[in-house]
Amino acid sequence: MLKIYNTLARDKQDFIPITPNTVRMYVCGMTVYDYCHLGHARVMVVFDMVYRWLKASGYDVTYVRNITDIDDKIIKRAAQNKESIHALTQRFIDAMHEDADALGVQRPDHEPRATQYVPQMLDMIAKLEANGLAYRAADGDVNYAVRKFEGYGKLSGKSLEDLRAGERVEVAENKHDPLDFVLWKHAREDEAEEVKWNSKWGRGRPGWHIECSAMGAELLGKHFDIHGGGADLQFPHHENEIAQSEGAHQCGFVNYWMHNGFVNVDKEKMSKSLGNFFTIREVLKKYDAEVVRFFILRAHYRSPLNYSDAHLDDAKGALTRLYTALKATPLRPLAAGTALIDWSTPHAARFKAAMDDDFNTPEAVAALFDLANEVNRSQSAAAAALMKILAGTLGLLQRDPSEFLQGGASDGVLDDAGINTQIQARIAAKQTKNFAEADRIRKELLGVGIVLEDSASGTTWRRA
RNA sequence: GGCGAGAUAGCAAAAUGGUUAUGCAGCGGAUUGCAAAUCCGCCUAUCCCAGUUCGAUUCUGGGUCUCGCCUCCA
């Protein structure tokens, strides 16, 4: 039985889908005005892992991850760049897809863009207004009346009183309550026509929170199973989504809320404002994308994940051990697909128990290492095949081992042919017992990051 | 200030009311021409103080420290 930590309950709960064997999942995606950083990588990889595990568990999953392509920062950036909103967002959507593909992140079933669902949002705002939960303020904005929604604060555990008492809540005269948030922003003179839509409340554009409520309902229904995102979205974004969706539809919205932890740098949250972020493409210049994916999955998704080169190096070494085991043992030919996994075998059972326990990937990975040990010891083709299939449910170890071990950053000094020439020269030297020469060649290669490994079946190489 | 999460060996990171986490690093052995890889064995832990208990790293209370949210944030 799969258990999921539900932020709403602050506890692990048995996962029971609304419709048997079916899972409908929505994850808050990116605001596309810049390149994705490692924090975004974590959300994508974590929920890709969830998506894969749900499918491996036999569920028919519909996964939606939205794209926010209209918002203040986008408008500002486009103006700075003197380019259209559409050109800007399309550029960074393409970049995001490149990054996601590199990290082995499967495309969600739907990637709705906010700008394509404005009518649905307007519809929803109208419902909220009809239900007495929205009002048009003096400045022309349509706001959500937080005080009118009874359950406000149930996700984040905050009470309206506490929030109001907080020093950082701004007082805005146009709002009935400082915590009221914008559903529809009135059009501003200085903004491009491209960001203005007609509505019964006048020209304008949607507030941020309404897009997720509207697109979730459109693509998954008013009531669905899982909603995910970074822990920083818990409040106010997800709290507001609940207020909007339940307020408009007058029914339950999401059963399980999942929030992943941050990527930190020196124990501080990686963020744009602190300037301590690393973009995915920047990191991928130094590290293999699968190493980055492995680095993310080696920690539990709710724990903080500290980023540093030392940790990436460590992840690389660990992943190398797994691929080395696969390299040494031929796989028993098996068609892909989890239907062939015998979950009763000890390693598979341990792996499954770990994954079913709130997606405990560190424990699942530990099972993989134990399996690698067995593979190395027994040279069992079946064990190697099991290892690869289990890892596949995490999106790992699917490449040819040699590609992984020999790939990566080449310093350009030697190509494969050059390396093989050196290896042949060393074999010749060894045959004449000229070990000094053989060692010299090996040392020379090591100097350019090539490690030679002799075995009964010959000499192979990998990059350090 | 309000609310929440967490403190595990040199580093990273799980789990557990008593019994091996796991990876990297380190040490010893096997193997190797020597290495590397691999195998076998070993070493280094549970922030502090009380309490519950036959027994607590695990539960309870207090403390210290760290981080996050309360403003855009994945």
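What you are looking at is a predicted structure, and each value in this text was computed from that prediction instead of being measured. In the text below, chain A, chain B and the rest are named by the order of the sequence lines, each starting its count at 1.
- Rounded to the nearest Å, the gap between the C1' atom of B:G28 and that of B:C67 is 41 Å.
- Atom pair A:Lys433:NZ and B:U32:P shows a separation of 13 Å (rounding to whole Å applied).
- Taking atom CD of A:Glu268 as the reference point, atom P of B:A74 lies 18 Å away to the nearest angstrom.
- For the pair A:Ile280 CD1 and B:A74 P, the computed distance is 12 Å after rounding to whole Å.
- Residue-level contact check: A:Gly261 touches the bases, meaning some heavy atom is under 4.0 Å from a base atom.
- Comparing the C1' positions of B:U57 and B:G4 gives an interatomic distance of 23 Å, to the nearest angstrom.
- Taking the six-membered ring where tryptophan is involved, the planes of A:Phe295 and A:His311 are essentially parallel, since the angle between them stays under 30° and well short of 60°.
- Side-chain atoms of A:Asp232 and base atoms of B:G68 include no donor and acceptor less than 3.5 Å apart.
- Put simply, CG on A:Asn66 is 11 Å from C1' on B:A74, counting in whole angstrom units.
- Out of B:C70, B:A37, B:G33, the shortest distance to the side chain of A:Asp454 is found at B:G33.
- With 3.5 Å as the limit, one finds no donor-acceptor pair spanning the side chains of A:Asp109 and A:Thr62.
- Between B:G17 and B:U60, the two C1' atoms lie 13 Å apart (nearest whole Å).
- A gap of 16 Å separates the P atoms of B:C11 and B:A25, to the nearest Å.
- Residues satisfying the ring pair (Phe, Tyr, Trp, His ring centres under 6.0 Å) test with A:Tyr51, not counting sequence neighbours, are A:Tyr63.
- Listed by chain and number, the residues in a side-chain hydrogen bond (donor to acceptor under 3.5 Å, both in side chains) with A:Lys316 amount to none (sequence neighbours excluded).
- A:Gly229 comes within contact range of the sugar-phosphate backbone alone, with a heavy-atom separation under 4.0 Å but no base atom that close.
- Annotation: B:G23 and B:A30 have their C1' atoms spaced 22 Å apart (nearest Å).
- In this view, A:Ala192 and A:Glu194 satisfy the side-chain contact (heavy atoms from CB on, under 4.5 Å) rule, not counting sequence neighbours.
- Looking at heavy-atom distances under 4.0 Å, A:Arg65 makes no contact with the nucleic acid at all.
- Ranking B:C72, B:A21, B:G2 by closeness to the A:Lys73 side chain, first place goes to B:C72.
- Per the geometry, CZ belonging to A:Phe295 stands 14 Å off C1' belonging to B:G23, to the nearest Å.
- Residue contacts for A:Arg462: at a heavy-atom cut-off of 4.0 Å it reaches the sugar-phosphate backbone alone, with no base atom in range.
- Less than 4.0 Å separates RNA chain B from at least one heavy atom of each of the following residues of residues 366-377 of chain A: A:Ala366, A:Phe369, A:Asp370, A:Asn373, A:Asn376, A:Arg377.
- The distance between atom CG of A:Leu274 and atom C1' of B:C67, rounded to the nearest whole Å, is 13 Å.
- For the P atoms, the distance from B:A74 to B:U16 is 33 Å, rounded to whole Å.
- Residue pairs meeting the salt bridge (Lys or Arg N to Asp or Glu O under 4.0 Å) criterion with at least one partner in residues 418-439 of chain A, sequence neighbours excluded, are A:Arg426-A:Asp454, A:Lys430-A:Asp454, A:Glu437-A:Arg440, A:Asp439-A:Arg442.
- Residues forming a salt bridge (Lys or Arg N to Asp or Glu O under 4.0 Å) with A:Lys158 (at least two apart in sequence, or on another chain): none.
- The side-chain heavy atoms of A:His37 and A:Phe278, taken from C-beta on, include no pair separated by under 4.5 Å.
- Remark: C1' of B:G1 and NZ of A:Lys158 are 12 Å apart, rounded to the nearest angstrom.
- Among the atoms of the strands shown, base atoms are found under 4.0 Å from some heavy atom of A:Met270.
- Every side-chain hydrogen bond (donor to acceptor under 3.5 Å, both in side chains) that A:His209 has, sequence neighbours left out, goes to A:His237, A:Asn240.
- With A:Phe47 as the aromatic partner, A:Arg65 does not meet the cation-pi criteria of under 6.0 angstrom to the ring centre and within 45 degrees of the ring axis.
- Scored by the salt bridge (Lys or Arg N to Asp or Glu O under 4.0 Å) test, A:Arg113 finds no partners at all (sequence neighbours excluded).
- Between A:Lys269 and B:C69, a side-chain N or O to OP1/OP2 separation shorter than 4.0 Å is present.
- Of the residues near RNA chain B, A:Phe235 and A:Gly230, the one whose nearest nucleotide (by heavy atom distance) lies more toward the 5' end is A:Phe235.
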Q: Show the numbers, then the answer: is there a side-chain hydrogen bond (donor to acceptor under 3.5 Å, both in side chains) between A:Asn373 and A:Arg377?
A: CA-CA 6 Å; A:Asn373 177 261; A:Arg377 211 153 13 99; 2.9 Å; yes
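- Nucleic acid contact for A:Leu452: base, since at least one base atom lies under 4.0 Å from a heavy atom of the residue.
- Across the C1' atoms, B:G2 and B:A45 are found 35 Å apart, a figure rounded to whole Å.
- When distances run from any side-chain atom of A:Thr324 to the nucleotides B:C72, B:C34, B:A37, the shortest one goes to B:A37.
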**Q.** nucleotides 12-19 of chain B: protein proximity per nucleotide (B base, S sugar-phosphate only, - neither; heavy atom, under 4.0 Å)
**A.** SSSS----
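- Between the C1' atom of B:U32 and the CG atom of A:Asp439 lies a distance of 12 Å, rounded to the nearest Å.
- Between the P atoms of B:U66 and B:C42, the separation comes to 39 Å (whole Å).
- Taking the nucleotide of RNA chain B with the nearest heavy atom to each of A:Ser455 and A:Gly317, the more 5' of the two is matched to A:Gly317.
- Qualifying side-chain hydrogen bond (donor to acceptor under 3.5 Å, both in side chains) partners for A:Asp225, counting only residues two or more places apart in sequence or in other chains: none.
- Taking 3.5 Å as the limit, the base of B:A74 and the side chain of A:Arg42 contain no donor-acceptor pair of atoms between them.
- Across all strands shown, A:Val365 has no heavy atoms under 4.0 Å from either base or sugar-phosphate atoms.
- Geometric assessment of A:Lys272 against the ring of A:Tyr33 yields a positive cation-pi assignment under the 6.0 Å and 45° thresholds.
- Within the 4.0 Å cut-off from OP1 or OP2 of B:U38, at least one side-chain nitrogen or oxygen of A:Arg321 is found.
- Paired regions of RNA chain B, where each region holds three or more successive Watson-Crick or G-U pairs whose two hydrogen-bonding distances fall under 3.5 Å, are B:1-7 with B:64-70, B:10-12 with B:22-24, B:26-30 with B:38-42, B:47-51 with B:59-63.
- Applying the salt bridge (Lys or Arg N to Asp or Glu O under 4.0 Å) rule to pairs touching residues 381-395 of chain A yields nothing, sequence neighbours excluded.
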